[in-house]
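Everything numeric here is computed off the predicted structure, so don't read it as measured data. Just the heavy atoms: all of them, side chains too, but no hydrogens, waters or symmetry mates, feed the values below. Residue numbering restarts at 1 for every chain, and letters A, B, ... go by the order of the sequence lines.
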2 protein chains.
Amino acid sequence: MDTDTASRPTLADVAARAGVSPSTASLAFSGTGPVSGATREKVLAAAKELHYAGPDPRARSLRRGRSGIVGVVIDERVSEAFRDPVNIAMLDGVAEAIGEIDAAMLLLTGTTGSDTPVSLETAPLDAVVLFGCSPTLERSVALLTQRGIPAVVIEGDAGDDVPEIALDNREATRLGAEHLRELGHERVAIVALPLEPSRARGPLTAARVDASTVETAIERARGAWDVFPDARGVVTAASYVEEGVIAGRELLGDGGGGDRPTAIIAQSDLLAAGVIRAAEELGLTVPGDVSVVGFDGVAVDGLDYDLTTLSQPSQAKGRAAGDAVVRMLAGERPESVRFTSTFHRGGTTAPPRA
Amino acid sequence: MDTDTASRPTLADVAARAGVSPSTASLAFSGTGPVSGATREKVLAAAKELHYAGPDPRARSLRRGRSGIVGVVIDERVSEAFRDPVNIAMLDGVAEAIGEIDAAMLLLTGTTGSDTPVSLETAPLDAVVLFGCSPTLERSVALLTQRGIPAVVIEGDAGDDVPEIALDNREATRLGAEHLRELGHERVAIVALPLEPSRARGPLTAARVDASTVETAIERARGAWDVFPDARGVVTAASYVEEGVIAGRELLGDGGGGDRPTAIIAQSDLLAAGVIRAAEELGLTVPGDVSVVGFDGVAVDGLDYDLTTLSQPSQAKGRAAGDAVVRMLAGERPESVRFTSTFHRGGTTAPPRA
DNA sequence: TATCTTAGTCGAATCGATTCGATCGAATCG
DNA sequence: CGATTCGATCGAATCGATTCGACTAAGATA
C-alpha cells in the first residue's frame, strides 16, 4: 500500500510523505538544529508509516567521514587469541572505552590473507587497536598511516607517532626473579612465550631472543636474565596450559640429571599452570621441589594453587588503548602509557630444598 | 609537493593525475571491466605517487550496498561471554565461515544501552549472527527485519523466517541422565545455566523454567527431568567454574542431611568443573561419592578429570551460522540446522556408593 | 510603523566511488 | 572497400544522507 517503491524507503521518501524537505527531515532525525515540535512529529509519523528504520549508516558514514567502528587486530585466529584471559580482559577494556562514543569493535585477524590483511585495507575503520602482533605490526601500521587511520598499539613498538600501551615487562620479571634469588634459588629456568610468528618450540637462546620481534617475550626474558644470566629455558608455541605442560616436562623431566632447575619463571600464568601440572605429573611438589612464578595475575580456572605471579592490569590496558583511540578521534594526540605490574607472593614459591 | 590538497587524495585525483576519467580509474582498481594494461599501469603509478590508499570503504559500501561487515551479538559484556570456551569456539567458527567472503565480525554487546543496542540500529551491517540471547532477541530480530538485514540465531527461537542453529539439548541431556540411571543413581540434582537476563541464582523450579526464555537452559533442564522428574536443582548466575563451585557447595553441603544427591547434572562443563571442585572441598570423591555429568565437551583448563559430558560441536555451530549468513547474502534462504551432541563417558561417573 | 532579530525551512552542493549506456577508433569480415 | 564488431574509455547519473548558506515570516525593539 501507499507509495512503496519495492526497496527500502529513504529519508527523502519520508520527507516527501511528511511534506517537508529532506534537509528538514534530516534535522528532525538527528536532533541537530532548530526544528519545531510539530514538524518533528510529522516526520517521525511519516517514518513510522513507511517503516523507515532510520538513516542508512553507509550514507551517513560517507557524509560524516566516520563509521563508528574501531578495528581490533589480533594476529591469531579467534579461538587461539581468546584462550588467554589476558587478551579477553584487554578486549573488554577496549570495548568499555570505545562504547562511550558508541563505537563498536571490528575483530580483525591479522593473518587473514597471505600478505596483508584484507580487511585492514578495506574496512570502514575510524581507528585501530593493534594487539602487539609483531609479524604484521610494521606492515599494518604503514598501511594505516597511509590510509590516515589513527592506531594504538598494545605491547609492541610501532615507532614514531603511534601511541603505545606498554607494560614494565622486564622490570616486573626481574622482580619475580629477585624474589627467587632471595629465597636462595640458583638453578632457574625460563618458560617463554612464542618468539616468532612461526611459533616454533625450542630452546631459549640469547641469539633467538635478539632475532625476535615479540617485545613482550623478549623483555620478560631479559628481566629474568638480569638476575640469572645463565638461566636456560624453552620457548613455547602459545600461551596455553598444555604448552606449559610440555615445557615443564622438558625442563623437569629426567633428561638433565642433577641440573634440574629448582625454580621456573613462566612468562604467563597459563604456562605456569602447565608447568605446575607437569611437575605434579613427575611426582614433584610445588613449591617443595620446584618453585613456579607466573605472569599476568589472571585467575587460571581450575588451578588449585595461589600462584606467585606478577599481576598486570589487563583490563586497564585495554581501557587505556580504547581511551587513546577516543582521544585521537577527538583530535588529540594521546601520550603513550606504561603500566606497571605488581608482585603477588602466592604459595608456589619457597626456598629450594637443601 | 605535487597537487596535494591537504586532505586524502580521492580516486578522482588519481584519475586526473593519470590523465584518465574517474570511471576508468575505478575500473583499473577494481579489476572489473576491460582496461588496457598500459592504462592500468598509469593509474596505479599515479596512485602510488599520490599515496592513494585505495577506494574509500565508506563510499564504496554506499554505492555497492554492502559493507563487508557481519555483526555478532552477545548479550553480556565481552569479558563475560568469552569466559566460556563454547562461545569462543562458536565465534571462531563464524569468523572462519564469513572470512571466505572477506567479511569481518563486528562485536556487538546486546546490552549496550538501556533499550535497544545502539549499534544494532546504526552500524553498517550486511547481516547479523545472534548468540541466543533471549532478552534482547525479540527486539533485535524485529529491528533487523525492519532494517532489512538478514539474521541467524544460534540457540534461540526467533520465530518465522530466521534460520536457527540449534542443538539437541533436551535429548542429549536425557542421554546423560539415562547413563546415570543405568548406573543406579536415584537422587540426582541439576546445576542449571542462568534462566533470566537478571541472572539470579536460586532454586530450579518448574515454574521458573516455564517462565524462562533461555532455550538452552530450559531444554537441558527438561531433558534431565525426563529421566528424573523429581530432580531438584539450583540456577547459577553464569557459566563459570566459580558458579559451579557455589552451586556444588549448596547441593553437596551439610544442609540436606541424608538427601545429598549421588549425582549431579551440570548444564555446562565449566559448571561441572566447579561442582567437582566443591565436592573435593567438602571431602567428597568424584566419582566415588558423587558422579558429575557436564555439557559441552570443552577442555576445561586445569581440570584433572576426564569429564563425563555431552560434546557439542561448538565450532561447527559457529561455522554453520557463518555459512548461513554467507548464503543469505548470496540471496539464498538457508534452512535451520540442528546439531547433535555425542555422549562421552569419562571418569566422573560411577555407580552410587552402596 | 519601520527595522532588526531569530526560529524554522528549504535548495543545492557534497561525501567518494561505482556503473550503465554512449562513444570512438581500430581491427575483422564479407 | 564499406560495414560490423569488439575493446577501451569516458560522461553522467546514482547511492542516501548531511550541512551550509539563503530565505521567510513572526515577534521584539525603537
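- Residue A:Pro34 is in base contact, counting any heavy-atom pair closer than 4.0 Å across all strands shown.
- A donor-acceptor pair is defined here as one N or O able to donate and one able to accept, closer than 3.5 Å; such a pair exists between the side chain of B:Arg66 and the backbone of B:Leu329.
- Set against D:dG11, C:dA17, D:dT18, the side chain of A:Pro55 has D:dT18 as its closest nucleotide.
- Whole-Å rounding puts the B:Arg8 CZ to C:dT14 P distance at 21 Å.
- Between B:Thr32 and C:dT18 there is no side-chain polar atom (N or O) within less than 4.0 angstrom of OP1 or OP2.
- Note on B:Thr10: every side-chain N or O is 4.0 Å or more away from OP1 and OP2 of C:dC15.
- Using Watson-Crick or G-U wobble geometry with both donor-acceptor distances under 3.5 Å, C:dT19 finds its partner in D:dA12.
- Nearest to the side-chain atoms of B:Thr24 among the listed nucleotides C:dA17, C:dT9, D:dT9 stands D:dT9.
- Residue whose closest nucleotide on DNA chain D sits further toward the 5' end, between B:Ala25 and A:Arg63: B:Ala25.
- Here B:Thr39 lies in heavy-atom contact (under 4.0 Å) with sugar-phosphate atoms only.
- Atom CZ in B:Phe29 sits about 15 Å away from atom P in D:dT9, given to the nearest Å.
- What separates CD of B:Glu41 from P of D:dA8 is a distance of 14 Å, to the nearest Å.
- Donor-acceptor pairing under 3.5 Å, judged by distance alone, is absent between the side chain of A:Arg60 and the base of D:dT18.
- Tested against A:Ser140 for a side-chain contact (heavy atoms from CB on, under 4.5 Å), the candidates A:Leu120, A:Val128, A:Thr145, A:Val153 yield a single pass: A:Leu120.
- Atom CZ of A:Arg66 and atom P of D:dT19 are 12 Å apart (whole Å).
- Atom pair B:Arg40:CZ and D:dT9:C1' shows a separation of 13 Å (rounding to whole Å applied).
- Side-chain N/O atoms of B:Tyr52 include one lying less than 4.0 angstrom from OP1 or OP2 on C:dA17.
- For A:Arg77 (side chain) and A:Thr109 (main-chain N/O), no donor-acceptor pair under 3.5 Å exists by modelled atom type.
- A side-chain contact (heavy atoms from CB on, under 4.5 Å) with B:Val73 is found for exactly one of B:Val129, B:Ile154, B:Leu130, namely B:Leu130.
- One can place CG of B:Leu11 at 12 Å from P of C:dT19, the figure rounded to the nearest angstrom.
- Residue-level contact check: B:Ser36 touches the backbone only, with heavy atoms under 4.0 Å from sugar-phosphate atoms and none from bases.
- Across the protein-nucleic acid pair, A:Arg58 atom CZ and C:dT18 atom P stand 15 Å apart, rounded to whole Å.
- Distance from the side chain of B:Asp56 is smallest for C:dA17 among the nucleotides C:dT18, C:dA17, D:dT18.
- The interatomic distance linking A:Arg64 (CZ) with D:dG16 (P) rounds to 18 Å, in whole Å.
- Between the side chain of A:Arg58 and the backbone N or O of B:Pro124 there is no donor-acceptor pair closer than 3.5 Å.
- Residue B:Gly37 is classed as having no contact, given no heavy-atom separation below 4.0 Å to the nucleic acid.
- For B:Ser23 against D:dG11, a side-chain-to-base donor-acceptor contact under 3.5 Å is present.
- Taking 4.0 angstrom as the limit, A:Ser26 places a side-chain polar atom (N or O) nearer than this to OP1 or OP2 of D:dT18.
- Of the possible polar contacts, one joining the B:Asp126 side chain to the B:Gly68 backbone as a donor-acceptor pair under 3.5 Å is found.
- Each of A:Leu27 and A:Leu62 was matched to the nucleotide of DNA chain D holding its nearest heavy atom; the match closer to the 5' end belongs to A:Leu62.
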